[in-house]
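Below is one structure, written out as structure tokens, with a few remarks after it.
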Amino acid sequence: MPVKKLFLSVLLSVLLIPSAFAAIVSVDNTFVAGDSHSSDFHTRLNRDIVQLENGINNIVTTQITDDTLLEADFADEINPRIRTYQGAACEFVYTGLLPVTSGTLTTDTAAGTAYPRGYYCNKSSTTSHSYTASKWTYLDIDQNCNFQYSETTIDAATPAVATNSIRLARVSTDTTTVLTVVDLATRSCTTGNFDDLSSAASEATLGDVLKNGAPVRRFSPAGRTPQGHAQGVFVSYDTHTTFKVTAGSAYINGKYRAASTDTTVTTGADAPATGGSGLDTGAIAASTRYYVYLAADQDAVKTYSVSFSTSASSPTGVTNSRLIGSILTDASTLFTSRDTATVHGVSERELPGGWIYFTSGGVINNSFNVSSLTDSAGGDWTINWDIDYNNANYVASGNFVNAAAITNYVLYVKALTAGTTRMFLTDAAQGGQDADGVVVVSIGDKRV
Amino acid sequence: MKKYLFLFLILFATPLFAEEIYLVEKPDGSVAVHYYIPGSNDTLEETLKNAGLEDLPTQRITQNDIPDDRKDRKYWKMNFTGKKIGIDTAKKQADEDAKAAKLAKKEAVLSKLKISPDEFKDLIYDIQK
């Protein structure tokens, strides 16, 4: 190329390069008229060209003028707007990346987007893989956007997540097919470990709050007091062949579970890995106390299942269990309504349903759940319970209060209805008598 | 002045949650005294019904209407003027007369048997054994 043309090319290149590069790139020599005839012209020209190349190939922050890069200029991989829109505040799967079941051992993992180690990873099409028969295979995706496969025997312990990866799923195969797929991916950054959530640094976390604390009863029948949160989940008699665990939530051996409806439990076998409630082993027996447990062995679900067992320490075949109460069977293997107990709660049967202390002059000194008191005659008193008992099969008992000793009076329950207790204070001749006062307490089935 | 007025109200005002007292006349002329606790889930009518006192003459009374001495409780009757609870003196006299007659009859029998009341008790006790 003629020297003059080459010179003009270089000059134009320098002039046309955005001034942003001028801060770093500098030309060592300037050319003057007649330079093309100097002996070192080519040396200086080549040096300038090298300077320009280095500047172009080593662009740094200072070469970029403030506020000149637009959001649309960023690729998805580094675009903050994309990350915010997709909620990538943590390592998680934004969309897809879940294998599907198949009639063969080969199946596809769906396209999708994830953020392993914070790297934007997008699979724009499905990925096929042939799985090993009769295995559990854990599927992860790493920061280079490659799938990682970890095989275990079925029911074996969960393997660690692959290096620089996040977990996606567990694929279970039989001899010829992909049988089940369990989604194990974190798909929202609003979920997280409760131990990481606290209202202020160094103060109790949500995990601390939910894991610690013994229930109402200090000692369970097993002598092993369950710890941690339990709300609701009362053992409740239902029928002779079923019982219920009321809706509620609980901390179960490191798992958090909740149910919004009552769980009905039959005398059939339990299936904790798939959420089935029932007897842990064997058949229902007569005149037996069964211990009732919540089970949290099913992965990626919100609810618990219920297993009951003759074991007072743990049900057979359940990994994550929590003792919640007990229930009895009678001589005909039927569930009974009596003696149903909940470890972390007290039923209304175990608490006074009503009481009263009144004087013979009709002054009510104090009372609980009483709407009226009737003095029908000497020593003849009727107490009206405000919230009635379910029926007349409750217990009422009392005594008379008297400063002076009286040896021949007796206070007895003359009549019981669901809403009233009639007490009679009498002497040996069955004559109604009065004393300074009377105290009465009652206990029974009463739903408030 | 405000201080004394407040004290007066405290001393003489009806306590907010004190029971209401009702006198109910039973068919045989005797009375029941029914203490109802206001604010209960049960209404007054429901409590009267539960106590077997519905549809009977009823009037509200105060603690002052109730005799302090309950030895004549068996003879209480309803008044509609003055003190609401009175004593059925006729009934009381009749009972006392009957009791006296019974006692006289008993003493007559003992006199015939020529034994004392204690000796008679011992005799009955031995027979019952």
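Chain identifiers are assigned alphabetically (A, B, ...) following the order of the sequence lines, protein sequences preceding nucleic acid strands; residue numbering begins at 1 within each chain.
In terms of non-hydrogen atom pairs under 4.5 Å with chain A, the most contact-rich of Val31(B), Ile66(B), Asn50(B), Val24(B) is Asn50(B). Ranking Gly362(A), Gly419(A), Gly378(A) against chain B, the residue ahead of the rest is Gly362(A), based on heavy-atom pairs under 4.5 Å. For the options Leu373(A), Asn369(A), Thr382(A), heavy-atom pairs under 4.5 Å to chain B are most numerous at Leu373(A). With respect to chain B, the highest number of heavy-atom pairs below 4.5 Å among Asp375(A), Asp434(A), Asp380(A), Thr374(A) belongs to Asp375(A).
The number of heavy atoms from other shown groups lying within 6.0 Å of OH (Tyr412(A)) is above 12. His229(A) NE2: more than 12 foreign heavy atoms inside a 6.0 Å radius. Annotation: Asp68(B), atom CG; neighbour count of heavy atoms from other residues, nucleotides and ligands within 6.0 Å does not exceed 12. Few gaps surround CD on Glu119(B); more than 12 heavy atoms of other groups in view lie less than 6.0 Å from it.
Heavy-atom neighbours of chain A within the stretch residues 69-88 of chain B, taken at a separation under 4.5 angstrom, comprise Arg70(B), Arg73(B), Trp76(B).
A donor-acceptor pair under 3.5 Å is formed between the side chain of Glu19(B) and the backbone N or O of Ile364(A). A distance-only check finds no donor-acceptor pair linking the side chain of Gln63(B) to the backbone of Val363(A) [under 3.5 Å]. A donor-acceptor contact shorter than 3.5 Å is absent between the side chain of Asn41(B) and the backbone of Asp386(A).
Using a 4.5 Å cut-off between heavy atoms, Thr417(A) does not touch chain B at all. Looking at Thr47(B), both its backbone and its side chain come within 4.5 Å of chain A, counting heavy atoms on both sides. The part of Thr420(A) that comes within reach of chain B is its side chain, from C-beta onward, which places non-hydrogen atoms under 4.5 angstrom from that chain. Contacts between Leu53(B) and chain A at a heavy-atom distance below 4.5 Å involve the side chain alone, from C-beta outward.
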Margin query: Set out, in order, the CA-CA distance, both residues' side-chain angles and the distance that settles side chain to side chain contact (heavy atoms under 4.5 Å, CB included) for Lys26(B) and Ser376(A), then state yes or no.
Written below: CA-CA 9 Å; Lys26(B) 294 190 277 186; Ser376(A) 297; 3.9 Å; yes
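Using a 4.5 Å heavy-atom threshold, the side chains of Asp42(B) and Ser372(A) count as separate.
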